[in-house]
**Q** 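Right, I'll just put the structure down here and ask away after.
Both counts, for ligands and for their atoms, begin at 1 and track the order of listing. Being a predicted model, the structure only gives us computed values, none of them experimental.
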Amino acid sequence: MNRRIIRTLVALCIMVALFAPGTVFAGGASETQTYRITAGIGLNDRSAQYESLEFFKELVESRSNGRIQMELFHSSQLGDDREMMEALQRGEQEMTCPSTAPIAPFVPEFAVFDLPFLFPSYEAADHVLDSHIGQSMLDKLSDVGIKGLVFWENGYRHLTNSARAVRTPADVRGMRVRTMENPLHLDAWRAMGANPTPMAFGELFSAMQQRVVDGQENPWGTIYLQNFPEVQGYATDTGHIYSPFVLMIGKGYWDRLPADLQKIVMDAAIESRTFNRELNRRYNEEYLEQLRDVMTVVELTPQQRQQFQDAVQPIYRQYASVVGEELLRSVTAMIDEFMANN
Ligand code: KDG
């Protein structure tokens with residue numbers, strides 16, 4: 001169904017809900033009022049992201065005794081990451097869960113987490129994202145009318161393409177690589193020698209099919225579950241960027257939610273974070289094995305990986321002033337300290 005029709009239908013349901021007895025769309029509070037949450041994501045309903053949203057829905061609906069009712073949409077049915085964040089700002093949609101990359105145009109500091117080869121391990125990423133630094137970033141979203149709940153995980157991103165086995169930056173020279181809509185991602189791929197082009201996730205499969213782009217980069221689970229091997233023959237374990245997700249809710253909606261329901265939503269968000277990371281890591285591991293049967297998967301040697309790392313090193317200098325020197329220093333110091341002690 002066309003996105004505009006879905007959005008109109010959702011708006012109509014909200015209108016009906018508003019006028020039904022005892023049902024309120026986050027209006028004045030009473031024990032009998034119900035609250036609706038429409039949540040949309042870009043990945044499909046086989047993804048760890050969608051399963052985590054189902055887990056979250058189950059928790060909030062049961063713990064609120066049905067006072068919160070959630071409706072879930074996947075596969076960009078409500079729009080792409082940017083459009084859904086804008087819908088949250090306007091109060092037309094309650095929840096979404098974009099990668100940090102499309103958040104940076106709203107809050108530039110978010111680009112810090114997308115710096116290439118920043119997080120050496122999952123544990124280091126969890127440590128920073130769940131720290132006071134991660135919390136202060138979530139809090140910054142309130143400046144743009146959004147309440148950041150918790151960080152979920154998209155994962156380490158790997159390159160796929162339809163042209164050749166990629167082992168060094170020389171192999172990506174001139175390759176048309178689709179990136180998320182974020183200048184840092186574009187600059188990182190330019191630095192690696194590619195010819196990158198930004199595009200919403202919902203348009204990616206057909207762009208690869210029609211050879212508008214040669215390649216893209218995403219975590220293993222996404223590559224497998226979105227059927228990318230149908231149009232891409234080669235993958236390389238570049239792991240060049242660790243991509244967090246942010247589970248978020250419209251601030252206007254959140255502020256009108258009664259305190260007891262806010263607590264239910266927040267507790268469920270924290271529990272779903274653990275669920276999401278465990279599931280996502282398991283999927284990325286399992287689907288990598290499946291991918292080996294259907295495409296050529298190149299594993300980089302340490303020397304080859306170093307060539308990619310060297311190529312993107314200038315990005316740190318280039319983006320220090322965008323994300324803020326102080327923030328960049330705190331994040332890298334926290335990672336260094338974590339790695340030294342673990
Ligand atoms: O639901 C999240 C997706 O919309 C998106 O963020 C996935 O990593 C992604 C991409 O490449 O666009």
Side-chain angles (χ1 to χ4, degrees), residues 3 38-57 72-88 93-107 110-111 113-114 116 125 146 148-161 176-186 188-189 194 196-208 212-213 215-228 231-232 235 238-249 272 276-277 279-280 283-284 287:
R3 281 180 201 164
T38 303
I41 56 167
L43 301 183
N44 68 20
D45 57 356
R46 298 161 72 202
S47 61
Q49 191 186 30
Y50 191 77
E51 287 191 38
S52 306
L53 213 49
E54 289 183 311
F55 175 84
F56 175 83
K57 168 180 156 77
L72 311 185
F73 293 86
H74 54 84
S75 308
S76 310
Q77 287 165 318
L78 296 183
D80 62 39
D81 287 336
R82 181 183 49 75
E83 289 166 338
M84 289 192 282
M85 284 183 69
E86 286 168 1
L88 256 55
Q93 178 182 328
E94 287 71 48
M95 286 185 78
T96 187
C97 190
S99 304
T100 43
I103 300 178
F106 293 80
V107 180
F110 266 88
F113 298 133
D114 287 58
I146 289 172
L149 294 171
V150 287
F151 287 98
W152 280 3
E153 175 174 279
N154 192 354
Y156 285 100
R157 305 180 77 85
H158 306 285
L159 177 71
T160 68
N161 79 94
R176 291 166 305 168
V177 177
R178 173 271 176 179
T179 72
M180 290 192 279
E181 295 170 290
N182 177 310
L184 184 148
H185 282 244
L186 286 164
W189 280 103
T197 172
M199 192 181 290
F201 186 75
E203 291 159 30
L204 174 56
F205 189 89
S206 61
M208 291 188 293
V212 174
V213 292
Q216 65 83 45
E217 38 85 67
N218 252 296
W220 298 125
T222 302
I223 293 168
Y224 184 86
L225 293 168
Q226 300 281 152
N227 303 320
F228 290 175
V231 288
Q232 301 272 277
T238 46
H240 52 282
I241 286 175
Y242 173 87
S243 198
F245 277 142
V246 176
L247 185 66
M248 52 174 66
I249 190 162
S272 68
N276 167 262
R277 287 175 181 163
L279 184 67
N280 196 53
Y283 274 10
N284 277 326
Y287 287 122

**Q** Distance check, rounded to the nearest 0.5 Å: Asp114 atom CG versus His185 atom NE2?
**A**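 Separation between the atoms: 3.5 Å.
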**Q** Hey, could you give me each pair passing salt bridge (charged side-chain N to carboxylate O under 4.0 Å, His left out) that has a residue in residues 40-50? Not counting sequence neighbours.
**A**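 Applying salt bridge (charged side-chain N to carboxylate O under 4.0 Å, His left out) to every pair that reaches into residues 40-50, excluding sequence neighbours, yields nothing.
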**Q** Can you list the residues that meet the salt bridge (Lys or Arg N to Asp or Glu O under 4.0 Å) rule with Arg277, with sequence neighbours excluded?
**A**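 Partners of Arg277 by the salt bridge (Lys or Arg N to Asp or Glu O under 4.0 Å) criterion, ordered by chain and then number, come out as Asp126, Asp130.
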**Q** Check the orientation of Tyr224 and Tyr287. Use parallel for under 30°, tilted for 30 to 60°, and perpendicular for over 60°.
**A**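 Judged by the thresholds at 30° and 60°, the geometry between Tyr224 and Tyr287 is parallel.
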**Q** Can you tell me how far CG of Leu72 sits from CE of Met95, rounded to the nearest 0.5 angstrom?
**A**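 The CG atom of Leu72 is 9.5 Å from CE of Met95, to the nearest 0.5 Å.
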**Q** Identify the protein atoms, limited to N or O, that lie within less than 3.5 Å of an N or O atom of ligand 1, and list each pair with its distance to 0.1 Å.
**A**
{"residue": "ligand 1", "atom": "1 (O)", "partner": "Gly42", "partner atom": "N", "Å": "2.8"}
{"residue": "ligand 1", "atom": "1 (O)", "partner": "Leu43", "partner atom": "N", "Å": "3.4"}
{"residue": "ligand 1", "atom": "1 (O)", "partner": "Gln49", "partner atom": "OE1", "Å": "2.8"}
{"residue": "ligand 1", "atom": "1 (O)", "partner": "Gln49", "partner atom": "NE2", "Å": "3.3"}
{"residue": "ligand 1", "atom": "4 (O)", "partner": "Asp81", "partner atom": "OD1", "Å": "2.8"}
{"residue": "ligand 1", "atom": "4 (O)", "partner": "Asp81", "partner atom": "OD2", "Å": "3.2"}
{"residue": "ligand 1", "atom": "6 (O)", "partner": "Asp81", "partner atom": "OD2", "Å": "2.7"}
{"residue": "ligand 1", "atom": "6 (O)", "partner": "Ser99", "partner atom": "OG", "Å": "2.6"}
{"residue": "ligand 1", "atom": "8 (O)", "partner": "Asn154", "partner atom": "ND2", "Å": "2.7"}
{"residue": "ligand 1", "atom": "8 (O)", "partner": "Arg157", "partner atom": "NH1", "Å": "3.0"}
{"residue": "ligand 1", "atom": "8 (O)", "partner": "Arg157", "partner atom": "NH2", "Å": "3.4"}
{"residue": "ligand 1", "atom": "8 (O)", "partner": "Asn218", "partner atom": "OD1", "Å": "3.1"}
{"residue": "ligand 1", "atom": "11 (O)", "partner": "Arg157", "partner atom": "NH2", "Å": "2.9"}
{"residue": "ligand 1", "atom": "11 (O)", "partner": "Arg178", "partner atom": "NH1", "Å": "2.7"}
{"residue": "ligand 1", "atom": "11 (O)", "partner": "Asn218", "partner atom": "OD1", "Å": "3.4"}
{"residue": "ligand 1", "atom": "11 (O)", "partner": "Asn218", "partner atom": "ND2", "Å": "3.1"}
{"residue": "ligand 1", "atom": "12 (O)", "partner": "Arg178", "partner atom": "NH2", "Å": "3.0"}

**Q** List in chain and number order the residues that pass side-chain contact (heavy atoms from CB on, under 4.5 Å) with Pro105, two or more places apart in sequence or in another chain; answer none if no residue qualifies.
**A**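 Residues passing side-chain contact (heavy atoms from CB on, under 4.5 Å) with Pro105: none at all.
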